[in-house]
Enquirer: 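This is the structure I want to talk about, given as structure tokens.
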Amino acid sequence: MEPQKAQRGIIPQKIKGFRDIDPALNQLRAHIVEKASQVYARYGFEKWDTPVLEYADALGKYMPDTATVEEGVYSFQNPEAEPVLDSRGKEMSDHEDKVIMEHHHLALRYDLTAPLARVYAERLWMKHLRGQVSTANPPLFRRFQHGPVYRYEIDLDPGRFREFWQLDFDTVGSADVAADAEVCMVLSQALEAIGMPRETFQVKVNNRKVLKGLLRGLGVLDDSRERDILRVIDKLDKVGLEAVRQELGAGRVEKSGAPIAGLGLPEALVEAVGAFFVAFEQALPREQTLARLDELLPQEPVAREGLDELRRIHELLAAAGFDDSRARLDPTLVRGMAYYTGPIFEVESLLTVPGKKGQRRKVGAICGGGRYDSLVERLLGFKVPATGASIGVDRLAELLVLSGQARPKATGPALVVVFDEAMMPEYQKLAAEIRAAGLPAEVFYGAAKNLKKQFAYADERDCPVAVMLGEDELAKGVVTVKDLVKGRQSQDIQDKDQWRREVQFEVERAGLAEKLRQMLLR
RNA sequence: GCCCAGAUAGCUCAGUAGGUAGAGCAGUAGAUUGUGGUUCUAUUGGUCGGGGGUUCGAAUCCCUCUUUGGGCACCA
């Protein structure tokens, strides 16, 4: 596709769906990751990092036989040819006994869970071959991980990116419901540690077995049918019960005129499903939710098993001091992903964000997770139970900024003003003194050294203070400190000299660090 | 992939009986050659998203592509 009319240009620009992260956002992101990680670690999870690039086969589901980018994954062929291995890990040969070489398909990771499965399976591979591990004795593995993941989204909604961060924690190798209860505790505590007050979010728990059991009781036995129904129900809080009813039945027509095909379920089934969700429209205390589930759920074994698990989760949460305000049972929770097999989790933000036309916009889920059995199965051939959850770092950061919980502005260092280039050694010494006290300091290195520029730079960087040292100060053994924060606030003073007198003062060189410390800690 | 609405200066936008463009903010410079904010003055910025068509003439009308926003579908 050569441009025909003009020479192809080189335009400096980002790939669509990718972002530059400025210092302010980086600071916020680091805060989120650090606080949540501390909580994860306090529960015993250990931090792992894995490569962003993996063999496409290992990531699963996705098996490209062409070189095209499809299915939402960035992939390409390895420029390096490598041997093809058989299922026992041995190099395969052709009829001339030559090792078969291939350029394997590689893919950027699309989440952190698939690489987790690979790490876990890779560590067990030899034992697996020797038959020393099986579904009866999977080792316990608890790790947390954060970093960028990549998805080739065709349509980019606002707030959706092709590179974004996740912050996961998972327990692999335990089928104990206690591990699921713990997920709720970790999520709740992590968000509080990040600085979200308890009343601004809600941890919600449900169980896929409950939903499965409900549908079975109503005669839905087919898995793909079940998935279709769950997908519609997942939209409940978005479109409302009536719309869900219609979509389960004959379908409906969107306000915009777009028709939405219905599943065409029989009237009686739609009504039964609708009735169940009406019963849980209002948030109830966990005890009451359990009691009502007990009444409404059919005597299907799956349903009862799911209910027992929820009951157990409630017990354990209560024992650990997590009451209704910190985690709630929500039988209407579905979650989109198909691979969940047991308890599922979601954190909904209760903060609203001012929309374009002044209306309040709700932000969706900021965390999600659940139990999944089969992720490792594809790699090792037997089921390994696992449960965990993930914080959507970027979505949370955006939420904090938009809702006014965090200000998106990085604070700059103390700026050492350069009066006279000849005194540069003195400025370096001064900056070193400030840094030695553990405070950030920067000497001005810009091209134009007039003071106006230097202060404009300090203002732009949001520096809290500027430190000035000229011949006068040097002779007196002092430095002049300018309080830029106060200066920014004193907009009512119009007289230049008076304004200056208000915001700057001389300090003995020896007491400078202490004075700056006081100012920076405000 | 579908429906709707946009694309004009760095940003937010104005600009219809079709006659090659304006405002506010930002930027730059000065008042203030040892000073950011505030105030005042001057001033730089635009192939009006790309291409094609209608016309003597198009930011304005038509077609098309690209792109942005709002809905929907999809989301391992």
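Throughout, a chain's letter reflects where its sequence line sits, starting with A, and its residues are numbered from 1. All of these numbers come straight from a predicted model, not from anything done at the bench.
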Enquirer: If I pick the P atom on G27(B) and the same atom on G34(B), what distance separates them, to the nearest angstrom?
Expert: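 Between the two P atoms, the distance is 23 Å.
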Enquirer: Base, sugar-phosphate alone, or nothing: which one does Ser490(A) contact when heavy atoms must sit under 4.0 Å apart?
Expert: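 The residue Ser490(A) makes base contact.
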Enquirer: Applying the ring-ring contact (aromatic ring centres under 6.0 Å, His included) test to Phe169(A), which of Tyr40(A), Phe144(A), Phe141(A) qualifies?
Expert: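 By the ring-ring contact (aromatic ring centres under 6.0 Å, His included) criterion, Phe169(A) pairs with just one of Tyr40(A), Phe144(A), Phe141(A): Tyr40(A).
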Enquirer: Taking atom P of A76(B) as reference, at what distance in whole Å does atom CG of Leu59(A) sit?
Expert: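 Checked: the CG to P distance equals 15 Å.
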Enquirer: With P as the reference atom in both, quote the distance from G18(B) to C61(B) in angstrom, rounded to an integer.
Expert: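 About 9 Å, rounded to a whole number of Å.
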Enquirer: Mapping Lys16(A) and Arg231(A) to their closest nucleotides on RNA chain B, which lands nearer the 5' end?
Expert: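 Final value for this comparison: Lys16(A).
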Enquirer: Could you tell me whether the side chain of Leu25(A) reaches within less than 4.5 Å of the side chain of Asp394(A), counting heavy atoms only?
Expert: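 Answer no - side chains too far apart.
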Enquirer: Is it the case that Ser490(A) and Glu502(A) place a side-chain donor and acceptor less than 3.5 Å from each other?
Expert: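 Side chains of Ser490(A) and Glu502(A): no pair found under 3.5 Å.
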Enquirer: Whole angstroms only, please: what is the CG-P distance between Leu230(A) and A76(B)?
Expert: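 Leu230(A) atom CG is separated from A76(B) atom P by 12 Å.
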Enquirer: Rounded to whole angstrom, note down the P distance from A73(B) over to A9(B).
Expert: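 Nearest-Å result for A73(B) against A9(B) at atom P: 35 Å.
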Enquirer: Taking atom types as modelled, is there a side-chain donor on Asp170(A) or Tyr372(A) under 3.5 Å from an acceptor on the other?
Expert: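 Looking only at side-chain atoms, Tyr372(A) and Asp170(A) do form a donor-acceptor pair, the distance falling under 3.5 Å.
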Enquirer: Could you give the distance separating A58(B) and U16(B) at their C1' atoms, to the nearest angstrom?
Expert: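 U16(B) and A58(B) have their C1' atoms separated by 12 Å.
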Enquirer: Taking the cut-offs as 6.0 angstrom to the six-membered ring centre and 45 degrees off its axis, would you call Lys482(A) and Phe455(A) a cation-pi pair?
Expert: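 Checked: cation-pi criterion met.
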Enquirer: Is the glycosidic angle of G10(B) within 90° of 0, making it syn, or outside that range, making it anti?
Expert: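 Anti, which is what one calls it when the glycosidic angle falls more than 90° from 0.
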Enquirer: When you compare U67(B) with C25(B), how far apart are their P atoms, in angstrom units rounded to a whole number?
Expert: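 About 35 Å, rounded to a whole number of Å.
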Enquirer: Within the 3.5 Å criterion, strictly below it, is a donor on Arg143(A) or Gln145(A) matched to an acceptor on the partner's side chain?
Expert: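 On atom types as modelled, these side chains qualify, holding a pair under 3.5 Å.
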Enquirer: For RNA chain B, what are the stems built from at least three Watson-Crick or G-U pairs in a row, each pair having both distances below 3.5 Å?
Expert: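 Consecutive-pair runs (3 or more) involving RNA chain B: B:1-7 with B:66-72, B:10-13 with B:22-25, B:27-31 with B:39-43, B:49-53 with B:61-65.
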Enquirer: Ignoring backbone atoms, test whether Arg151(A) places a side-chain nitrogen or oxygen under 4.0 Å from the OP1 or OP2 oxygen of C75(B).
Expert: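 No, no such contact exists.
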Enquirer: Along nucleotides 25-36 of chain B, 5' to 3', which nucleotides get a B, which get an S, and which get a -, given that the test is a protein heavy-atom distance under 4.0 Å?
Expert: ----S----BBB
Enquirer: With a centroid cutoff of 5.5 Å and a plane-angle limit of 30°, would you call Tyr339(A) stacked on A76(B)?
Expert: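 Stacking is absent between A76(B) and Tyr339(A), given that the ring centres and planes do not meet under 5.5 Å and under 30°.
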Enquirer: Provide the distance between the two C1' atoms, one in U41(B) and one in A5(B), to the nearest whole Å.
Expert: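 Roughly 42 Å separates the two C1' atoms.
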Enquirer: For Asp234(A), what residues pass the side-chain contact (heavy atoms from CB on, under 4.5 Å) criterion, not counting sequence neighbours?
Expert: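 Asp234(A): side-chain contact (heavy atoms from CB on, under 4.5 Å) contacts with Val334(A).
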Enquirer: Salt-bridge test for Glu514(A) and Arg517(A): reply yes if a basic N is under 4.0 Å from a carboxylate O, no otherwise.
Expert: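 Looking at Glu514(A) and Arg517(A), the cut-off is met.
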Enquirer: Have Arg142(A) and Thr171(A) got a donor and an acceptor in their side chains that come within less than 3.5 Å?
Expert: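 Yes.
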Enquirer: When you compare A7(B) with G46(B), how far apart are their C1' atoms, in angstrom units rounded to a whole number?
Expert: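 Going atom to atom, C1' in each nucleotide, I get 14 Å.
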Enquirer: Measure CZ/Phe164(A) against C1'/A76(B) and give the value in whole Å, please.
Expert: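 These atoms are roughly 11 Å apart.
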Enquirer: Would Tyr74(A) and Glu163(A) count as having a side-chain donor-acceptor pair, cut-off 3.5 Å?
Expert: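 Checked: Tyr74(A)/Glu163(A) side chains show no N/O donor-acceptor pair below 3.5 Å.
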Enquirer: What integer number of Å spans the C1' atoms of C63(B) and U20(B)?
Expert: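 Those two atoms are separated by 23 Å.
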